[in-house]
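Working notes, structure below.
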Amino acid sequence: MMHAGLLLLLPAIVRAVEISNLTFALVPKNTNNVFFSDVHKGCLARSSSLPPNVNCLYVGPEDEDPVAQMGIVDAIINGTYGRVDGISISVSDPDVVGPAIDRAIDAGIPVITFDSDAGGDSSNRQAYIGTDNLEFGVQLGKLLAQLAPTGGRYGILAADAPNVLQRVNGVRDRLASTKWVETESSYKNCQDSIPRAMDLMYEFSREGVDAIIPVGGWPMSDERWTDFVKANKNMTLVVGDAMSVQMDLMNKGYVNGLVGQLPFQMGEMSMDILLKIVRNEEVDEKIYGTAFLEVVRFPLQLPELHVNENYIGGLAILGYALFGVIVVASLCLMIMTYMNRKKRVIKASQPFFLQMIIVGVLIFASAIIPLAFDTGHYSQEVSDAACMATPWLLTIGFTTVFSALFAKTWRINKILHNPNAFRHIKVSEKDVMKPYLIMMAMNIIVLTSWTAISPLTYQRMDSPGTDDWNRVISVYGVCTTTSATRGAKAFFPYLIALLVINLGLLVIANLQSYQARTIQTEYNESKYITIIMASMLQAVALGVPCICLLWNIPRAYYIVLVMVIFCICSVVLGFMFVPKILHARDWKREKAEKDRKAASMRRRIMGNGASDGDGANVAVPVTDGRVSGVDGLKIAVMAEPKFTSLPKAPQVVNISNIKHSISYSLHEKELEAEEGSFDDNISSEMEKDCGGTDLNICKDGDNQSLDKGLEEIRDLIEHHEWSLDQVKELRGHMMTLKC
């Protein structure tokens with residue numbers, strides 16, 4: 001039984017022995033390069049420290065030769081170097097060596113690459129260890145721009161290996177936006193040969209270039225390097241790699257800057273990753289990056305630093321100009337509203353309601369002023385105060401405008417859905433103040449807490465990016481909160497609370513406006529309020545994301561926020577007041593035309609009758625105590641022999657007071673007097689005859705008959721003067737028509 005158990009364990013024991021005796025081959029492009037010697041050192045150091053007995057086999061062509069490198073891979077497959085459990089190779093040419101890599105993998109030997117890759121379609125290698133060669137070249141170009149920002153002509157020394165050519169592209173990309181210009185003969189191919197690399201350095205020197213960038217360390221391994229540097233003291237030399245020989249020369253001042261890889265680390269990582277693959281452990285990534293090593297001689301005097309402060313500067317003029325437009329427009333509309341407060345077009349919307357909107361717009365627009373404050377022109381204290389003033393002004397202004405608009409829309413919807421509970425489509429001052437005070441109280445609580453606990457302050461921040469010497473080149477100002485526990489995000493809860501309160505109510509108001517979109521109130525105010533509400537929601541929906549994205553770009557942030565404020569104010573003033581101005585203009589034109597027709601009618605009726613010229617006392621022809629020529633409507637008057645002279649005021653209402661005073665709108669179902677002492681009497685009498693139902697909300701009836709009767713009434717009113725009793729009798733006749 002014991003022997004049988006040992007037999008069962010034998011395969012596992014053999015496998016453990018195999019894993020504890022592993023050989024990994026390290027195949028460089030060539031064995032004469034110091035860089036690959038450092039990779040070999042890392043391979044040896046790591047293999048000796050691993051728990052199992054892992055050996056590092058270093059084998060490669062003496063000089064770089066893709067065909068020779070392919071032959072070495074095939075020799076490993078065939079067992080020329082004994083049993084090899086994995087290969088790490090720096091590929092000279094992916095097209096030549098790639099198929100050999102695939103043959104090794106098919107033979108059961110895992111293959112990874114380092115320094116120079118053969119990924120993609122070139123082979124099925126299992127991982128790559130190395131630097132980002134394009135970024136490596138960028139760093140070389142950056143170092144030259146640091147050391148000699150005045151520019152000149154430069155040349156690149158390289159080889160034709162894929163990874164080396166990526167470095168060449170990186171250098172060109174980085175220097176394209178500088179004053180450096182690549183010489184026509186660049187790049188020069190050293191073919192991975194140290195002597196040839198040094199010869200090409202002298203060629204560049206004879207061409208008179210101002211700087212040379214060898215993207216690899218080939219020429220620095222040549223003994224002629226020090227003589228070359230001494231003969232070209234004014235030339236800037238930036239070299240790739242940072243091997244030990246290069247670091248020694250750097251310490252002696254024989255090179256201006258180095259950008260190096262970490263070859264020792266590549267050797268260590270090669271052993272670690274191959275061991276994982278052999279043990280069937282999961283390999284985390286296909287590409288393993290290694291860090292750069294940048295070594296540079298700092299000049300005694302750095303170039304002058306120019307910092308972009310990103311102050312608002314002259315852009316403040318734009319904000320002040322737009323604010324001035326809003327102020328002038330608001331004041332003009334405020335004066336117009338006051339002067340025309342007794343006219344129907346203003347009374348229908350209520351002067352208080354309109355003045356409240358204007359004041360709210362002024363407060364909202366005034367937030368443009370503190371937006372332009374920064375430490376470029378104002379003190380830190382003033383800038384701090386301006387930061388906190390902005391949310392106060394925006395919130396209070398928005399609340400004032402919004403509550404007035406919301407109250408009216410809400411009341412219209414209530415009338416539509418509850419016709420027995422309301423008598424008029426009318427919003428009282430109390431109706432407006434209710435939502436206003438509720439909203440204002442909620443917002444003030446949040447703003448006060450914000451101001452007291454975590455007030456906004458103006459702070460200068462560093463923008464991303466530095467110059468070539470890691471100095472900050474751009475700063476910007478921002479209103480933020482500094483908290484010991486939550487940092488700059490301490491103001492978020494207050495901002496979110498304000499957005500939830502105001503945007504939530506704005507969404508509700510838009511729903512109310514949508515429901516009221518088909519209700520035709522006098523002068524179509526419901527439609528215009530709906531447009532305003534939708535425009536405000538759209539401006540906020542588009543503006544807030546833009547503002548969040550641009551908060552660290554002060555000038556763009558300022559322009560966007562100012563334009564959002566200006567657009568909201570313009571929409572509110574435009575849609576609330578322009579239709580009223582146009583209606584008033586049309587009303588004056590119609591009034592002048594009707595006055596002309598009335599004068600013509602009086603002349604025909606009176607014949608030679610007397611008139612005092614102002615329409616205050618007009619003789620009206622009668623027949624048997626009835627007014628003649630009224631198209632079937634009989635209005636009782638005092639019987640006179642031939643003419644009846646109507647008495648003067650107060651019982652006689654002048655045509656200038658009564659003309660256009662009784663108006664009917666099929667949509668509004670409203671009949672009431674516009675001006676004059678009889679206005680309240682007529683309205684109350686009409687309500688009585690309608691059985692207490694306000695004509696505003698009458699829904700049924702013969703509207704065609706009512707329209708016809710109204711036309712006859714308008715003709716009588718426009719062409720005659722009527723006493724209060726006559727108007728009441730006229731009203732009585734109207735009530736006989738079905739409402």
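Contact record, R125 with A118: CG-O, 3.9 Å, taken as the closest heavy-atom pair. Nearest approach of L274 to P110, heavy atoms of both residues: CD2-O, 4.1 Å. Here the closest heavy-atom approach between residue S270 and residue L26 is recorded as OG-CD1, 4.3 Å. Residues K230 and K233 share a closest heavy-atom pair of O-CG, 3.3 Å. The shortest heavy-atom contact between Y288 and A127 is CE1-CB, 4.1 Å. For the residue pair L456 and P391, the shortest heavy atom distance occurs at CD1-CG, 4.4 Å.
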Report task. Determine, stepwise, if the pair Y128 / F114 fulfils ring pair (Phe, Tyr, Trp, His ring centres under 6.0 Å). Result -> CA-CA 6 Å; Y128 166 69; F114 72 94; 8.8 Å; no
Requested in this report: Apply side chain to side chain contact (heavy atoms under 4.5 Å, CB included) to the pair S90 and S116, showing each step before the final yes or no.
Outcome: CA-CA 5 Å; S90 178; S116 182; 3.7 Å; yes
Query raised in the report: Yes or no on salt bridge (Lys or Arg N to Asp or Glu O under 4.0 Å) for D173 and K142, after CA distance, side-chain angles and deciding distance?
Result: CA-CA 10 Å; D173 290 346; K142 172 193 169 186; over 6 Å; no
Requested in this report: Start with the C-alpha distance between T457 and Q459, add both sets of side-chain angles, then the distance that settles side chain to side chain donor-acceptor pair (under 3.5 Å), and finish with yes or no.
Outcome: CA-CA 6 Å; T457 57; Q459 299 180 29; 3.1 Å; yes
Query raised in the report: Could you walk me through whether S205 and N232 pass the side chain to side chain donor-acceptor pair (under 3.5 Å) check?
Result: CA-CA 8 Å; S205 176; N232 297 274; 2.7 Å; yes
Query raised in the report: Passes side chain to side chain contact (heavy atoms under 4.5 Å, CB included), N30 versus N33? Steps please.
Result: CA-CA 6 Å; N30 62 76; N33 193 315; 3.3 Å; yes
Query - Residues V215, Y187; criterion side chain to side chain contact (heavy atoms under 4.5 Å, CB included); working and verdict - result: CA-CA 10 Å; V215 296; Y187 74 98; over 6 Å; no
Requested in this report: Step by step, work out the side chain to side chain contact (heavy atoms under 4.5 Å, CB included) result for V181 and L175.
Outcome: CA-CA 8 Å; V181 178; L175 295 177; over 6 Å; no
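D115 contributes atom CG, which lies 11.5 Å from atom CD1 of I89 (distance to the nearest 0.5 angstrom). Rounded to the nearest 0.5 angstrom, S221 OG and I194 CD1 are separated by 4.5 Å. With values rounded to the nearest 0.5 angstrom, D199 atom CG is found 4.5 Å from R224 atom CZ. Annotation: the span from L165 atom CG to N189 atom CG amounts to 8.0 Å, rounded to 0.5 Å. A distance of 10.5 Å separates CE of M388 from CG of L393, quoted to the nearest 0.5 Å. Rounded to the nearest 0.5 Å, atoms CD1 (I87) and CZ (F24) are 11.0 Å apart.
Residue pairs meeting the ring pair (Phe, Tyr, Trp, His ring centres under 6.0 Å) criterion with at least one member in residues 136-156, sequence neighbours excluded, are F136-F292. For residues 56-74, the pairs satisfying side-chain hydrogen bond (donor to acceptor under 3.5 Å, both in side chains) are N32-D63, Q69-S92, D74-R103, with sequence neighbours left out.
A cation-pi arrangement, defined by a distance under 6.0 Å to the six-membered ring centre and an angle within 45 degrees of its axis, is absent between K29 and F36.
Between D241 and Q246, the side chains place no donor N or O within less than 3.5 Å of an acceptor N or O (distance only, hydrogens not considered). In summary, the side chains of T236 and N256 do not present any donor paired with an acceptor at a separation below 3.5 Å, with no hydrogens or angles considered. With hydrogens and angles left out, the side-chain atoms of T481 and S454 include no donor and acceptor closer than 3.5 Å.
Formation of a donor-acceptor pair under 3.5 Å by the R172 side chain with backbone atoms of G141 is not found in this model. Formation of a donor-acceptor pair under 3.5 Å by the W180 side chain with backbone atoms of A148 is found in this model. Of the possible donor and acceptor atoms, none in the side chain of D462 sits under 3.5 Å from a partner among the backbone N and O of V475. Side-chain atoms of T178 do not come within 3.5 Å of backbone N or O of A145 as any donor-acceptor pair. Between the S186 side chain and the T183 main chain, no donor and acceptor come within less than 3.5 Å of each other. R167 places no side-chain N or O within 3.5 Å of a backbone atom of V138 that could act as its donor or acceptor partner. Looking only at distances, a side-chain donor or acceptor of D102 sits under 3.5 Å from a matching main-chain atom of N124. Of the possible polar contacts, none joining the S193 side chain to the C190 backbone as a donor-acceptor pair under 3.5 Å is found. A donor-acceptor pair is defined here as one N or O able to donate and one able to accept, closer than 3.5 Å; such a pair exists between the side chain of W225 and the backbone of Y254.
Within the 4.5 Å cutoff, side-chain heavy atoms of L371 are placed close to those of L561. Looking only at side-chain heavy atoms (C-beta outward), I213 and L157 stay at 4.5 Å or farther from each other. Taking the side chain as every heavy atom from C-beta outward, T226 and L249 approach each other to under 4.5 Å. Annotation: side chain of S88 is not in contact with side chain of V27 (no heavy-atom distance under 4.5 Å). Considering only heavy atoms from C-beta on, C569 comes within 4.5 Å of F364 through its side chain. A 4.5 Å side-chain heavy-atom check between I112 and I277 finds at least one atom pair inside the cut-off. Contact of the C387 side chain with the P370 side chain is not registered, since no non-hydrogen atoms from C-beta on lie closer than 4.5 Å. Side-chain atoms of M235 and F228, non-hydrogen and from C-beta on, do get closer than 4.5 Å to each other.
Between E182 and R153 no salt bridge is recorded (no basic side-chain N to carboxylate O distance below 4.0 Å). A salt bridge links D38 and K41; the closest N-O separation between the charged side-chain nitrogens and carboxylate oxygens is under 4.0 Å. Comment: R196 does not engage E203 in a salt bridge, judged by the lack of any side-chain N to carboxylate O separation of less than 4.0 angstrom.
Annotation: I317, atom CD1; neighbour count of heavy atoms from other residues, nucleotides and ligands within 6.0 Å does not exceed 12. Annotation: E184, atom CD; neighbour count of heavy atoms from other residues, nucleotides and ligands within 6.0 Å does not exceed 12.
For L315, the side-chain contact (heavy atoms from CB on, under 4.5 Å) partners are I312, R555, Y558, I559, not counting sequence neighbours. With sequence neighbours excluded, no residue satisfies ring pair (Phe, Tyr, Trp, His ring centres under 6.0 Å) with Y311. Checked against side chain to side chain donor-acceptor pair (under 3.5 Å), W392 has the following partners two or more places apart in sequence or in another chain: T451. A search for ring pair (Phe, Tyr, Trp, His ring centres under 6.0 Å) contacts involving Y320 returns nothing, not counting sequence neighbours.
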